[in-house]
Undergrad: 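Below is a structure I'd like to ask you about.
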Amino acid sequence: MSQSVHVHAFRDLLDGGGVVDDPERIATYTTDQRQLFTGSTLAVLKPATTKQVAEIVRLAAQQGIGIVPQGGNTSYCGGATPDATGRQIIVSLERMDRIREVDPISMSISVDAGAILKNVQHAAATAGLLLPLSLGAEGSCRIGGNIGTNAGGLSVVRYGMTRDLLLGIEAVLSDGTVVSDMCKLRKNNTGYDIKQCFVGSEGTLGIVTGAVLRLAPLPIRRATAWLKLATGAPLAELLALVRRESAELLTTFEFMTARSIALATEAMTNPPSVRAGSGGTVLAEIASSSRHLDLDELMEAVLAEAIESGRIEDAFLAQSGSQRTAMWEVRETIPEGEKRRNGSVKHDISVPLSSIQRFLDLAGSQVRSYDADLELSVYGHVGDGNLHYNVLVPPDVDRIEFTNRIESGLSLQLYDTAAALGGTFSAEHGVGRFKKHLLERYGDVGRIAAMRRIKTAFDPSDIMNAGAVVRPLGKESAS
Ligand code: FAD
Ligand code: 2HG
Ligand code: ZN
């Protein structure tokens, strides 16, 4: 069957705005957000309802066409990008962006999977509640993509990853069956937890069309501190101190090196005049929904103790909302700062907290002996043991060539180090297409076998995002 016949069949299922096959408009959907790989697609389909998603999947299955689900296309590992065959269709959830219900008593929010994260946060806040998922891409990433990648971000230390926030799901399986489990229950031990299969599955098991997320009381008080670290400051011990003495109110503990801060401030229009300590900086925030707690007083006491212990050189508290926003802007502009400079080779590693310092020491020597001229941008969610250990692409070199060179050499050394310390090559960004070889290299054989069985059970014909994450059983050659 010709391409146009395929597209025609999908057009019959959807209204005019539901099929995009104009090459110019398709282009933004077929390249990953880091612009490392461009695939090819028959068309981008934009269903408006779960029923339409199910009809698309059934038709695609009949015609032997693969499906790549896509949310905001902000993910880092190429999982939302079709392969080069042109035999995969992109199903974008962008027209399914409704907030279905906010239930303030049950403290939950039910949404379409195409809802933009920021809009969901806003709907929750309007009801006096917090959706405790926050990341730099929140203005464009969508809930289905957050579930697909099990997104982490900036407040995991207190509230957990996307997985921990998911109460219910609605999803379309590879034969068009709709799983309707939009339940708000905290307790529901009634067999396999199917919704969790979709978390981190990166579109390989089905298309998520709806989700129920757990909300928390909305913080109304915050104390935000900029901690200037002493050289070699033991990050895990500092975290333990802040966490313990702030009575578990800690929502953020983000590490930034001076180089990462400089990249961010260079990219900002009105950068604040903040500096890192000789050992970098930690942005720490405590937050509470209570009117009765004086968080500034509490944070000041915590900081005094940390200074006394010699772990930090100095610290200051944001004195106003705008100072707080400026500190946060520095943190959140780092990826953009890297991009403007010619990008970075990203290593989204995590290690047990007890090994963070060891990783920094070992990785530092590995980089120096690989090439002493390389520049690093190291920062991340150190409260979760997660570092973005990024190698900056020099301004005057070919970005793709440099990336390939580093990824086939130094990156493997860094991942080996993380693995030897009990860590991982992907803490929060997933596997997608770009890190499949790493899953094969570092993944436990039994765990990969179990993943392949799950893939086979959900998607025996390998229709759902073939080529990403893992192959079903019986399909041996890498696609
Ligand atoms: P996409 O990129 O569209 O898709 C991601 C994967 O999920 C793909 O495999 C896709 O096939 C699948 N998928 C999408 N929608 C569905 C669906 N409805 N059903 C089934 N599968 C689906 N990530 C973090 O974890 N923490 C961060 O702090 C963070 N910060 C970021 C900052 C910036 C500036 C940028 C650009 C990215 C950042 N990310 C971060 C990565 C990214 O934003 C997250 O991975 C996000 O969850 C992806 O959502 P998306 O809607 O863009 O998904
Ligand atoms: C962040 O924490 C994101 O800002 C992006 O996960 C990390 O760009 C990166 O390396
Ligand atoms: Zn991150």
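Only a predicted model underlies this, so the values are computations on that prediction, with no experimental measurement involved. Whatever order the structure lists them in is the order used to number ligands and atoms, beginning at 1.
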Undergrad: So, is H429 placed with an N/O/S atom under 2.8 Å from the Zn ion (ligand 3), counting both backbone and side chain?
TA: no

Undergrad: Would E138 count as a contact residue for ligand 1, given that I'm defining contact as a non-hydrogen atom of the residue lying under 4.0 Å from a ligand atom?
TA: no

Undergrad: Can you pull out the closest protein heavy atom to atom 32 (C) of ligand 1? Residue, atom name and distance to 0.1 Å, please.
TA: A137 N, 3.7 Å

Undergrad: Answer yes or no: does an N/O atom from P335 fall short of 3.5 Å to an N/O atom of ligand 1?
TA: no

Undergrad: Considering non-hydrogen atoms of the protein only, which is the closest contact for atom 53 (O) of ligand 1, and what is the distance?
TA: G145 CA, 3.3 Å

Undergrad: One residue to check: E336. Relative to ligand 1, which of side chain, backbone, both or neither has a non-hydrogen atom less than 4.0 Å away?
TA: neither

Undergrad: So among L283, V282, L263, V274, which one has a side-chain contact (heavy atoms from CB on, under 4.5 Å) with M256?
TA: L283

Undergrad: Taking N or O atoms only and a 3.5 Å limit, does E202 qualify as a polar contact for ligand 1?
TA: yes

Undergrad: So which heavy atom in the protein is nearest atom 2 (O) of ligand 1, and how far is it from that ligand atom?
TA: S75 OG, 2.6 Å

Undergrad: For atom 42 (C) of ligand 1, state which one of N73, V68, T74 supplies the nearest heavy atom.
TA: T74

Undergrad: Nearest to atom 10 (C) of ligand 1 by heavy atom, A468, P69, G203: which?
TA: P69

Undergrad: Below 2.8 Å, any N, O or S contact between E428 and the Zn ion (ligand 3)?
TA: yes

Undergrad: May I ask you to check whether Y379 and Y389 place their ring centers less than 6.0 Å from one another?
TA: no

Undergrad: Under 4.0 Å, heavy-atom basis, I'd like to know which part of E332 is in contact with ligand 2: side chain, backbone, both or neither.
TA: neither

Undergrad: Pairs in or reaching into residues 136-158: which pass salt bridge (Lys or Arg N to Asp or Glu O under 4.0 Å), with residues at least two apart or in two chains?
TA: none

Undergrad: Where is the nearest protein heavy atom to atom 7 (O) of ligand 1: which residue, which atom, and how far?
TA: G148 CA, 3.8 Å

Undergrad: Using heavy atoms and a 4.0 Å limit, tell me yes or no: is G114 in contact with ligand 1?
TA: no

Undergrad: Of all the non-hydrogen atoms in the protein, which one sits nearest to atom 4 (O) of ligand 1, and at what distance?
TA: A80 CB, 3.6 Å

Undergrad: Return the option from H347, H429, E254, R331 holding the heavy atom at the smallest distance from atom 4 (O) of ligand 2.
TA: R331

Undergrad: To which of G79, G206, G139 does the heavy atom nearest atom 20 (C) of ligand 1 belong?
TA: G206

Undergrad: Identify the closest protein heavy atom to atom 10 (O) of ligand 2: which residue and atom is it, and at what distance?
TA: N390 ND2, 2.9 Å

Undergrad: Can the ring centres of H347 and H429 be said to be less than 6.0 Å apart?
TA: no

Undergrad: Purely on distance, is any nitrogen or oxygen of T149 under 3.5 Å from one on ligand 1?
TA: yes

Undergrad: So if I count the atoms of ligand 2 from 1 in the order they appear, which ones are less than 4.0 Å from some heavy atom of H381?
TA: 2 (O)

Undergrad: Give every residue pair that meets the side-chain hydrogen bond (donor to acceptor under 3.5 Å, both in side chains) criterion with at least one member in residues 257-266, sequence neighbours excluded.
TA: T257-S260, R259-E375, S260-S377

Undergrad: Specify the protein heavy atom at minimum distance from atom 19 (N) of ligand 1: its residue, its atom name, and the distance to 0.1 Å.
TA: V208 N, 2.8 Å

Undergrad: Give a yes/no on ligand 1: does G152 have at least one heavy atom closer than 4.0 angstrom to it?
TA: yes

Undergrad: Which is closest to atom 33 (C) of ligand 1 by heavy-atom distance: Y76, Y29, F198?
TA: Y76

Undergrad: What is the nearest protein non-hydrogen atom to atom 8 (O) of ligand 2, stated with its residue, atom name and distance?
TA: K346 NZ, 2.8 Å

Undergrad: Tell me whether L93 has any N or O atom under 3.5 angstrom from an N or O of ligand 1.
TA: no

Undergrad: Identify, for atom 7 (C) of ligand 2, the protein heavy atom at the shortest distance, and state residue, atom and that distance.
TA: Y379 OH, 3.3 Å

Undergrad: Could you tell me the residue and atom name of the protein heavy atom closest to atom 28 (O) of ligand 1, and the distance to it rounded to 0.1 Å?
TA: G153 CA, 3.4 Å

